[in-house]
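In what follows, chains carry the letters A, B, and so on, assigned in the order in which the sequence lines appear, proteins first and then strands, with residues in each chain numbered from 1. In this text the structure is predicted, and so the values were computed from the model without any measurement.
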2 protein chains.
Amino acid sequence: MRNENLSKDIQRIETATMADKVELRLREFLKKKAFKPGDALPKELELAEALNVSRNVVREALSRLRMLGMIESKKKRGTILAEPDVMGGFERVMDPLILDQKTLQDLFELRLVLEMGLADILFARITNKDIEGLERIVDKEVNKIQQPFRVKFEIDFHSKLYQMTGNDTFLRFQNILLPVFEYVVKEEQLLTGKAKVGKVTHRDLLELIKKGKPEDFRRGMKEHLSPHFARVNKRLM
Amino acid sequence: MRNENLSKDIQRIETATMADKVELRLREFLKKKAFKPGDALPKELELAEALNVSRNVVREALSRLRMLGMIESKKKRGTILAEPDVMGGFERVMDPLILDQKTLQDLFELRLVLEMGLADILFARITNKDIEGLERIVDKEVNKIQQPFRVKFEIDFHSKLYQMTGNDTFLRFQNILLPVFEYVVKEEQLLTGKAKVGKVTHRDLLELIKKGKPEDFRRGMKEHLSPHFARVNKRLM
DNA sequence: TTTGATCAATATGTAGGACAAAAAAATTTC
DNA sequence: GAAATTTTTTTGTCCTACATATTGATCAAA
């Protein structure tokens, strides 16, 4: 593992294009100079001159940072450091990737871990308004149990849980993972013929939130997700 | 929130540069055509012609995808679709970002959630060899309790836990989060004068892994992390 | 003096041409 | 037939030119 990483690094340095190097330099530059959001970067031509590369190369590097939301450019004003937004970058990385089976599985598990781990923060932050919100979702759910709706309610309920942690990054992260979850579950359905659901329903979970402790909720969630956990254990073989 | 997003989107479409559009097109193209890793993309000039833009613009877009590790280019061979590697992309996004305080806090919490949630997968996959590995780490730890070593062992122990899940993506994800954790803990130390540690030690956790159940381990972990959870609750105010 | 319009300056965005460099493919040479 | 050489191809880099939007200044009018 270590060796593999090393060789990758060496290769990277060897084959690094000017744009790669400039990108690195710019990142260092931004860190070093302790730029604040809104601060203006040097102009492209200045950078090109200072780095001794063509403006073209500088633009490629800037284009990358711009895509990640690290900087913003305007016609005359120049280029400025943007508000940092990790998840914005992550969304862009994740979205269209044709993920391989292994990674899909890994991400699926990651989401299971999140669901199991969120209990403590959830209970620390929960408000009455949140509970009302959950009530509404669960109420709607009992009326429509047809397949196309089921998935929607599933998402609504669990998304609400993340939202209730009051942690935006967390919420956005789960939103990114959502497609993965949907895909794997859909695939699971195709394989086994039917959607598997644990014995503990969303309503049960809600009751646990209202009356129980984090540990109880977690136990419920584990049962709720048990079909998926079964899948996890299977992979052991 | 919704309105803010909307206005952001509208603005984005309006101000979208050619490179932005081409990037999008390429991503769609890669998805649509169901390219497999190793498949060759059209040449830059062909793309430029097909998209009716200059080669410059195409290169900016390709440069972005290349940075994320979605594609690889070689001198004569052309450009090929790379093995997808989400975390590789994420690392690049995350690494040098000057994160704001709020995001740091959010990510810190995300890691707490992971630690609390990993018990089930951990117990499902654990091997005797893993336990031996943990033993070694804990043994070394008891001898050297000086400050500079403490952090190292802290990292070693917890990293080992992630590694034991057998989920590479998970492990790499925690590695990315590591700097955040270190930073926040260090800051915490400066503030309170001394590193706070929960009553449950790494050795205790190891015993729980050997003899206990996931629930017990989780309870232990919560106690082990209790100083950090205290911080989480504080933020409620 | 204030307001509004016009114009010049400027930095990014886009286009297109040229050549270097590497690597594969084709050709020649022994 | 194998080795050495040349050709071809595609990305990487540089350069110049111009479009475009925006800022700031200048000027005109009320």
Side-chain angles (χ1 to χ4, degrees), chain A residues 7 10-26 29-30 33 35 37-83, chain B residues 7-8 10-26 29-30 33 35 37-83 92:
Chain A
S7 71
I10 288 177
Q11 204 181 28
R12 237 183 230 158
I13 293 172
E14 272 175 1
T15 67
T17 63
M18 286 296 138
D20 292 333
K21 292 177 193 167
V22 169
E23 184 203 338
L24 203 70
R25 286 291 175 85
L26 286 176
F29 180 67
L30 294 180
K33 282 282 186 176
F35 274 100
D39 286 356
L41 271 66
K43 309 157 212 181
E44 293 177 352
L45 269 174
E46 286 176 10
L47 287 172
E49 203 172 347
L51 293 162
N52 197 31
V53 294
S54 74
R55 191 179 151 223
N56 232 323
V57 169
V58 171
R59 278 191 61 79
E60 274 196 30
L62 287 175
S63 183
R64 296 175 178 187
L65 303 186
R66 193 158 37 239
M67 173 195 55
L68 298 178
M70 288 177 67
I71 59 174
E72 286 168 11
S73 302
K74 287 192 174 170
K75 275 281 154 92
K76 151 118 192 195
R77 201 169 155 206
T79 304
I80 61 171
L81 194 64
E83 289 290 338
Chain B
S7 70
K8 199 190 277 179
I10 288 177
Q11 201 181 29
R12 238 184 229 159
I13 293 171
E14 273 174 2
T15 66
T17 64
M18 287 295 139
D20 292 333
K21 291 177 193 167
V22 170
E23 184 203 338
L24 204 70
R25 287 289 174 86
L26 286 176
F29 180 68
L30 294 180
K33 282 281 185 175
F35 273 99
D39 287 356
L41 271 66
K43 311 158 213 186
E44 294 177 350
L45 268 174
E46 285 176 11
L47 286 173
E49 204 173 347
L51 292 162
N52 196 32
V53 293
S54 73
R55 189 176 154 227
N56 235 324
V57 168
V58 171
R59 278 190 60 79
E60 273 195 33
L62 287 175
S63 181
R64 297 176 178 186
L65 303 185
R66 192 159 37 239
M67 172 195 53
L68 298 178
M70 288 177 66
I71 60 175
E72 286 169 11
S73 302
K74 286 193 176 170
K75 277 281 155 93
K76 151 111 194 200
R77 203 168 153 206
T79 304
I80 61 171
L81 195 63
E83 288 291 337
R92 271 166 256 224

With a 4.5 Å limit on heavy-atom distance, are the side chains of [X] and [Y] in contact?
X	Y	result
B/Glu46	B/Leu41	no
B/Leu65	B/Thr79	no
A/Leu62	B/Glu60	no
B/Leu68	A/Leu68	yes

When the distance from [atom1] of [X] to [atom2] of [N] is rounded to whole Å, what number comes out?
X	N	atom1	atom2	result
B/Lys43	C/dA24	NZ	P	16 Å
B/Arg59	C/dG17	CZ	C1'	15 Å
B/Arg66	D/dT11	CZ	C1'	8 Å
B/Lys75	C/dA24	NZ	C1'	14 Å
B/Lys76	C/dA23	NZ	P	12 Å
A/Leu45	D/dT16	CG	P	11 Å
B/Leu62	D/dT13	CG	C1'	15 Å
A/Arg77	D/dT23	CZ	P	8 Å

Is any side-chain N or O of B/Ser54 closer than 4.0 Å to OP1 or OP2 of C/dT14?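 Negative; the distance criterion is not met.
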
OP1 or OP2 of C/dA11 less than 4.0 angstrom from a side-chain nitrogen or oxygen of A/Thr79, does that happen here?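 So the side-chain polar atoms of A/Thr79 never come under 4.0 Å of the phosphate oxygens OP1 or OP2 of C/dA11.
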
Here's a test of your reading of the structure: between B/Asn56 and B/Glu44, which maps to the more 5' nucleotide of DNA chain D?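 Upstream on the strand: B/Glu44.
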
Pair of N/O donor and acceptor under 3.5 Å linking D/dG12 base with B/Arg55 side chain: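 Donor-acceptor pair under 3.5 Å: yes.
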
